[in-house]
Amino acid sequence: MTSSSVRTLAAATITLCLLFVPAGAEAQSDDPYTRWGGMRDRFHFDIGGFFVSHDTFALLRPSGSEIPGVDIERDTDIPASTSDFRMGGYFRLGKRHRLILEYFQMNRDAVSRLEGQIEWDGEVFPIDTQIATVWDTRVLSFQYRFAVYKSERVDVGLSAGLFAMKIKSGIAISDNIGDVAADVSEQAPLPMLGLGLEWEFARGFLLRARGQYLAISVQDTIDGNWGEASAAVEWYPFESARQLGFGAGYNYANIDVQLQFGEVLQKDFEYEYKFRGPIVYAVLSF
């Protein structure tokens, strides 16, 4: 997704949110889902852009071979920085309980002239070759969060849930991205644990910070870990419509995964991926 697409999407979202402004003014102070600053958040939805810096190392090779890995950004000229789409939201089941759903995608591709030799999936791409590369990552997560400590302005919670990550990757000798057809993915839901803090440090301002971690090992199938941390400040500027706000923050993640594709494909896949960058978004909370 280009930066112009992100801006268009954000503008459309803000316009949609403004349609709900009249309803927000009717929120009552004795509502159990109304915060100290006047913002009601039984339902919370945010959508916006993620401006990402990528650092990717990967290899796909027949099992038992010694093909070296590829530094994706350096060896293929695929973009090291992108503007991408993210969305999330939650639904409160009670003052301490909520369900959280999040989704983001990071799509990259490039056509470039190879200046050195690389190997991918048993195929050698020699010097002075035009190659097309696709590297897309999509993540969907679903979690339950429980507030272990809750006061008028501070909420500390533990979360547990599942996430699914799909990686579509491929390299082909071509000058057309459409010729890249390889698809390597891990789509099975995997467990994730997290810790989060919410602090309403001033009226109309809310700090959200969290960390999440996953480590998993399944014999002869998958071995890896995922660590993620983020912090953002949300601003609810409208006194008569606290349900509409804006957020900005920073997100960092480190993924290290090794997969083995069983008896039929007999391939190994390794993936070391760090992504980080600022996030901006619009919020609808009611």
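For clarity, every value in this text was computed on a predicted model and none was experimentally measured.
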inquiry  = Checking side-chain polar atoms at under 3.5 Å, does Y273 have a donor or acceptor matched by the opposite partner on N254?
reply    = no
Test salt bridge (charged side-chain N to carboxylate O under 4.0 Å, His left out) applied to E198 and R153, R35, R210, the passing residue = R35
task = Look at the rings of F104 and F50 and say which category their plane angle falls in: under 30° parallel, 30 to 60° tilted, over 60° perpendicular.
result = perpendicular
Give the cluster check for [X] versus [Y]: same hydrophobic cluster or not, with ILVMFWY residues linked at side-chain heavy-atom distances below 4.5 Å.
X    : Y    : answer
V156 : L158 : yes
Y103 : F91  : yes
Y90  : L101 : no
Y144 : F142 : yes
V233 : I47  : yes

Compare every heavy atom of [Y] with every heavy atom of [X], then report the nearest pair and how far apart it is.
X    : Y    : value
N251 : E228 : OD1-OE2, 3.2 Å
G227 : Y213 : CA-CD1, 4.0 Å
A110 : I78  : CB-CA, 3.7 Å
Y33  : D31  : N-OD1, 2.8 Å
S174 : V111 : O-CG1, 4.1 Å
H54  : P79  : CD2-O, 4.2 Å

ask   = Of all residues at least two apart in sequence or in a different chain, which pass the ring pair (Phe, Tyr, Trp, His ring centres under 6.0 Å) check with W199?
value =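 If we apply the ring pair (Phe, Tyr, Trp, His ring centres under 6.0 Å) test to W199, skipping adjacent residues, the hits are F201.
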Ring pair (Phe, Tyr, Trp, His ring centres under 6.0 Å) partners of F146, counting only residues at least two apart =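 If we apply the ring pair (Phe, Tyr, Trp, His ring centres under 6.0 Å) test to F146, skipping adjacent residues, the hits are H97.
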Close side-chain approach of [X] and [Y], heavy atoms under 4.5 Å:
X    : Y    : answer
L99  : Q143 : no
I171 : I118 : yes
W226 : F163 : yes
M39  : L206 : yes
V154 : Y149 : yes
D71  : T76  : no

key: Charged N-O contact under 4.0 Å between R242 and E239   =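 A salt bridge is present here (some side-chain N lies under 4.0 Å from a carboxylate O).
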query = Under a 4.0 Å N-O cut-off, is there an ion pair linking R86 with D46?
reply = yes
Hey, could you give me the [atom1]/[atom2] distance between [X] and [Y], rounded to the nearest 0.5 Å?
X    : Y    : atom1 : atom2 : result
D175 : T129 : CG    : OG1   : 12.5 Å
H44  : I100 : NE2   : CD1   : 9.5 Å
S112 : D75  : OG    : CG    : 10.0 Å
W235 : F246 : CH2   : CZ    : 7.5 Å
L197 : L207 : CG    : CG    : 6.0 Å

query = Do other residues, nucleotides or ligands put more than 12 heavy atoms under 6.0 Å from the CH2 atom of W36?
reply =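 Enclosed: over 12 neighbouring heavy atoms sit under 6.0 Å from CH2 of W36.
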message = Treating E73 as the side-chain partner and T56 as the backbone partner, does any N or O pair qualify as donor plus acceptor under 3.5 Å?
response = yes
request  = Not counting sequence neighbours, which residues clear salt bridge (charged side-chain N to carboxylate O under 4.0 Å, His left out) with D155? List them please.
outcome  = R98, R145, K150
I'd like a table of donor-acceptor pairs (distance under 3.5 Å, sequence neighbours excluded) in which one partner is a side-chain atom from residues 131-139, with atom names and distances.
residue, atom, partner, partner atom, Å
D136, OD1, R108, N, 3.1
T137, OG1, Y271, OH, 3.2

message = Applying side chain to side chain donor-acceptor pair (under 3.5 Å), can you list everything that pairs with N225, at least two apart in sequence or on another chain?
response =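 Here no residue qualifies.
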Ignoring hydrogens and angles, write down the donor-acceptor pairs under 3.5 Å from the side chains of residues 274-286, residues two or more places apart or on other chains.
residue, atom, partner, partner atom, Å
Y281, OH, E234, OE2, 3.0
S285, OG, R40, O, 2.8

